[in-house]
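Heavy atoms only: backbone and side chains are in, while hydrogens, waters and symmetry mates are out. Residue numbers start from 1 in every chain, and the chains themselves are labelled A, B, ... in the order their sequence lines are given, proteins ahead of strands.
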2 protein chains.
Amino acid sequence: MSDETDIPPPPWQRLPERPARRRRDPISRDAIVAAAIALMDRDGYDALSMRTLAEELGTGAASLYWHVGSKDGLLDLVMDQLIGEVVVPPADPARWRDQLKELARTQRATSLRHPYLVRLSIGRIPLGPNALRLNEAVLAIMRAGGLPPRMAVQGFLMMLEVVNGFTLDETGVSGEELPPDPAARAEAGDMVTGYLKQLPGERFPNLNELAGEFALADNDERFDLLIEVFVDGLARHAAGRDGAT
Amino acid sequence: MSDETDIPPPPWQRLPERPARRRRDPISRDAIVAAAIALMDRDGYDALSMRTLAEELGTGAASLYWHVGSKDGLLDLVMDQLIGEVVVPPADPARWRDQLKELARTQRATSLRHPYLVRLSIGRIPLGPNALRLNEAVLAIMRAGGLPPRMAVQGFLMMLEVVNGFTLDETGVSGEELPPDPAARAEAGDMVTGYLKQLPGERFPNLNELAGEFALADNDERFDLLIEVFVDGLARHAAGRDGAT
DNA sequence: ACCTGAACACCGTTCAAGT
DNA sequence: ACCTGAACACCGTTCAAGT
């Protein structure tokens with residue numbers, strides 16, 4: 001699913017050059033990537049080691065290295081595979097702002113479905129085959145919105161950064177082992193609130209007064225607010241006249 | 001420098017309770033934190049191990065555990081120490097938007113001075129003594145700007161996330177070992193541009209056409225643009241009338 | 001072309017034992 | 001109260017050797 005394209009890999013890709021496999025054997029590059037994703041979906045980012053992954057596949061750790069070169073190379077493949085889950089509609093000039101907001105939501109949803117994705121993306125330039133498709137589609141929407149070349153690229157980069165910044169925060173705290181069930185999430189929020197409320201009021205009047213607001217906020221609402229602020233702010237830099245709401 | 005305050009630690013803090021040290025010995029909690037920061041400033045995030053850090057201090061790894069409890073606990077302390085480098089001016093209602101932008105720049109500067117800081121912050125709630133001071137000061141500026149309680153907290157959280165998202169991107173790629181000197185940075189940019197230019201134009205018209213814009217962008221300008229979009233967008237939610245420029 | 005076992009050079013952490 | 005050596009249970013990666 002990842003190597004039917006004829007696009008040459010970027011020069012820094014950490015993968016060994018291999019001829020395509022003939023039959024679909026129990027162990028193959030794709031099978032390794034799929035198993036890695038399944039393992040991390042289940043047990044979190046830190047649970048992935050070459051040894052445990054190999055065991056899952058019924059081999060020794062050393063066997064994996066022939067297929068994926070290194071753990072780093074494997075994570076490159078995992079990232080592009082997960083990016084492939086983000087689908088973007090063809091650009092519609094009339095709806096470009098809504099399309100951007102919806103794209104941001106889709107991207108966030110993918111990052112929540114695989115809470116290790118953002119952490120995994122750190123230091124990796126998204127230029128695999130799936131990432132290229134996504135990048136092209138996003139840029140198309142930016143251009144459809146009338147953003148000049150420079151702003152289109154900036155908007156593209158900034159949106160990625162904004163969504164990742166938000167999601168990293170969201171998935172970071174206990175985004176590891178256990179799925180962050182609502183109960184644990186609420187408890188953590190209450191713990192913060194309780195701690196802030198009990199702080200000396202002379203030195204921390206605002207933290208004290210606003211303590212309740214920290215637990216209260218729903219992440220979906222928070223995210224919508226953020227991308228509204230961002231996309232509407234971006235629209236003010238478009239060539240056309242559809243500045244703000 | 002970190003434990004002269006009387007604020008009780010948050011309940012999830014991973015540190016052992018210890019009486020304050022009498023004399024300033026070669027090995028102490030503060031000395032360990034300082035050495036850890038120096039080590040990571042020099043050799044990067046991954047270079048920090050309890051063993052190498054101990055060697056730097058002329059002891060064995062096991063000795064550190066009495067002072068900091070765990071590596072995780074040590075990183076908690078390191079984070080708060082670095083957050084202490086961010087200084088915020090007292091809130092000035094007339095200049096609140098500029099103050100926010102300047103705060104964002106200061107925060108980014110700190111994250112660039114210690115390129116591992118953002119990575120280190122993942123999954124850690126910033127509620128150490130220095131973080132509390134910073135949070136309080138930022139909230140004060142938000143309130144001074146006329147943001148209602150809910151928006152003040154949201155703005156505070158979102159700004160943190162936006163700055164971290166940008167800086168994570170900036171420091172992630174090769175933000176590890178060598179300091180990201182301009183030469184390597186430019187070369188990496190050229191590599192991306194070259195790769196994008198050579199892509200098949202029928203399938204990737206936008207990536208192809210806009211390839212040059214990726215290398216061209218200066219990060220300082222890019223950051224200013226992002227926080228302008230964000231802060232001005234935020235200002236539209238203030239109670240007062242100073243909506244946009 | 002693909003897989004294997006064994007080894008190398010690391011980790012974080014614990015713990016009994018020292019002073 | 002503080003430090004230590006040694007051990008436990010892990011890592012990613014290499015490499016000679018197998019089929």
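- Residue-to-nucleotide proximity on DNA chain D shows that, of A:Ala62 and A:Thr52, the 5′-proximal contact is made by A:Thr52.
- Rounded to an integer number of Å, the gap from OH of B:Tyr65 to P of D:dA6 is 18 Å.
- For B:Leu57 and D:dC3, the CG to C1' distance is 13 Å, given to the nearest whole Å.
- Comparing D:dT13, D:dC2, C:dA1 against the side chain of B:Trp66 picks out D:dC2 as the nearest.
- Under a cutoff of 6.0 Å and an axis angle of 45°, A:Arg108 and A:Phe223 form a cation-pi pair.
- Using cut-offs of 30° and 60° on the angle between ring planes, the pair B:Phe156 and A:Phe214 is perpendicular.
- Checking D:dT13, D:dC3, C:dT13 against the side-chain heavy atoms of A:Met50 singles out D:dT13 as nearest.
- Checking D:dT4, D:dT14, C:dC11 against the side-chain heavy atoms of B:Arg51 singles out C:dC11 as nearest.
- Of the candidates C:dC3, C:dG12, D:dA1, the closest approach to any side-chain atom of B:Lys71 belongs to C:dG12.
- Look at CG on A:Asp46: it is 11 Å from P on D:dC11, rounded to the nearest Å.
- The side-chain heavy atoms of A:Leu57 and A:Leu64, taken from C-beta on, include a pair separated by under 4.5 Å.
- C:dT13 is paired with D:dA7 under the criterion used here, namely a Watson-Crick or G-U wobble arrangement in which both key atom distances are under 3.5 Å.
- Among the protein residues, B:Ser49 comes within range of the sugar-phosphate backbone only, with heavy atoms under 4.0 Å from sugar or phosphate atoms but none that close to a base.
- The nearest whole Å value for the distance from the CZ atom in A:Arg29 to the C1' atom in C:dA1 is 14 Å.
- Between B:Ile122 and A:Val118 there is no side-chain heavy-atom pair separated by less than 4.5 Å.
- D:dC2 and C:dA17: their P atoms are spaced 22 Å apart (whole Å).
- In terms of phosphate contacts, B:Thr59 brings no side-chain nitrogen or oxygen within less than 4.0 Å of OP1 or OP2 of D:dC3.
- Atom CG of A:Leu53 is separated from atom C1' of D:dC10 by 16 Å (rounded to the nearest Å).
- Atom P of nucleotide D:dG12 and atom CD of A:Glu55 are separated by 13 Å, given to the nearest angstrom.
- The minimum heavy-atom distance between A:Leu199 and A:Leu207, with the atom names listed, is CD2-CD1, 4.3 Å.
- Atom C1' of nucleotide D:dC3 and atom CG of B:Leu64 are separated by 11 Å, given to the nearest angstrom.
- B:Leu48 comes within contact range of the sugar-phosphate backbone alone, with a heavy-atom separation under 4.0 Å but no base atom that close.
- The same atom, P, is picked in C:dA9 and in D:dA9; the two are 22 Å apart, to the nearest Å.
- The phosphate of D:dA1 has neither OP1 nor OP2 within less than 4.0 Å of any side-chain N or O from B:His67.
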